[in-house]
Amino acid sequence: MKKLNWAILGPGRIASEFADAVHAAGKTIYAVGSRRLEHANDFAGKHHIEKAYGNYDEMLRDPAIDIVYLSTPHSNHYEYLMKCLENGKNVICEKAITVSTEQLRPVIQLAKEKHLFVVEAMTIFHMPLYQKLQEIVASGKIGKLKMVNVTFGSLKPYDPKSRFFNMDLAGGALLDIGTYALSFARFFLSSQPNQIVTTVKKFETGADESSGIVLKNPDDQMGVITLTMRAKLPKRGIVTGDKAFITVDNFPRAENATLTYPDGSTEEISAGDTDRAMAYEYVYMNQVVAGARQENTLPLTSDVVDIMTRVRHQWGINYPFE
Ligand SMILES: NC(=O)c1ccc[n+]([C@@H]2O[C@H](COP(=O)([O-])OP(=O)(O)OC[C@H]3O[C@@H](n4cnc5c(N)ncnc54)[C@H](OP(=O)(O)O)[C@@H]3O)[C@@H](O)[C@H]2O)c1
């Protein structure tokens with residue numbers, strides 16, 4: 001397989017983790033782009049990266065770059081997704097890929113026109129455990145799928161300027177952690193929900209703090225999602241059918257799950273490695289771009305963005321840049 005040159009755009013906390021994961025896998029990243037050359041140089045030095053750019057646009061004009069890992073806050077994913085594609089780059093973008101369906105639609109269209117790949121760095125879609133769980137559900141072992149229940153609560157120190165709370169940076173629980181919960185739910189539900197009932201409590205900034213979201217699809221399967229950014233809740237996903245249920249703890253990067261039968265007996269299911277969560281995304285993207293893998297996770301991403309868009313409309317939350 002041809003070696004593809006990777007670049008990081010937006011070298012923050014998660015980009016650092018990504019670069020470490022690639023390095024640990026014995027691979028290299030070719031370039032990094034920051035809004036400040038000093039920061040780019042510093043990041044490049046720490047992560048064994050050949051080229052450092054102090055300007056995103058300048059980096060995107062480098063013809064040697066094949067794939068961009070986009071890791072700015074969600075508020076400007078759309079702008080840089082479009083720029084990556086306009087410059088002929090494939091792109092794997094951190095969650096939430098865009099803040100709305102209105103933003104995602106032209107991205108998908110442009111990628112199609114340019115014959116480029118756009119993928120969301122949604123760990124759930126790339127962790128081996130989920131392929132295994134999907135096979136178990138498809139085999140009928142849990143019976144007819146009835147419900148998916150997901151909880152995710154994160155206790156962040158309140159800072160109205162940070163991307164978690166700041167409306168200018170598309171803050172709020174829905175786009176930061178809700179995207180994982182909804183991706184988990186949508187991954188197992190057999191069709192896209194057409195009914196959504198929800199309620200929200202907002203932060204002082206106007207971003208969503210805590211919410212309950214109930215989904216139902218045309219197959220009468222339900223999803224129940226509980227989110228908060230002001231209290232800890234287990235990151236737990238439960239998929240239940242009329243014969244058994246599956247529990248996945250720490251679901252965004254899980255390597256283990258438990259199958260529980262109505263009599264209380266259990267079976268452990270394991271696959272993959274939590275520590276390699278980001279390396280799986282790197283491998284997946286290389287294979288997709290090289291034409292060695294055909295599956296496409298973008299329809300699932302698109303369904304999740306669509307649910308988040310509808311939920312946010314119900315809450316009356318609009319970001320200033322929309
Ligand atoms: N997959 C995961 O497990 C995971 C975990 C955490 C976060 N994320 C996602 O990754 C993205 C980045 O999160 P993060 O926690 O890494 O954020 P972060 O530490 O704040 O880093 C974001 C980087 O984006 C660049 N940037 C460009 N425009 C910016 C702006 N207007 N304000 C602030 N920074 C800007 C900055 O780089 P320069 O200043 O150098 O240009 C900054 O270092 C988010 O979409 C988030 O949801 C994913």
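No experiment lies behind these values; they were computed from the predicted model shown. Start at 1 and go down the list; that is how both ligands and their atoms are numbered.
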Below 4.0 angstrom, N of the basic side chain to O of the carboxylate: do K46 and D42 qualify?
-> yes
With sequence neighbours left out, what residues match Q192 under side chain to side chain donor-acceptor pair (under 3.5 Å)?
-> R186, D306
For atom NZ of K161, is the number of surrounding heavy atoms from other residues, nucleotides or ligands below 6.0 Å larger than 12?
-> no
Hydrophobic cluster membership, I92 vs Y284, 4.5 Å side-chain cutoff | yes
Return the minimal non-hydrogen interatomic distance between P252 and F152, and the atom names on each side.
-> CG-CE1, 3.9 Å
Flag, side chain of T205 to backbone of F165, donor-acceptor distance under 3.5 Å | yes
Heavy atoms under 4.0 Å from ligand 1: which residues qualify?
-> G10, P11, G12, R13, I14, S34, R35, H39, Y56, S71, T72, P73, H74, N76, H77, E94, K95, R163, L169, D176, Y180, R253
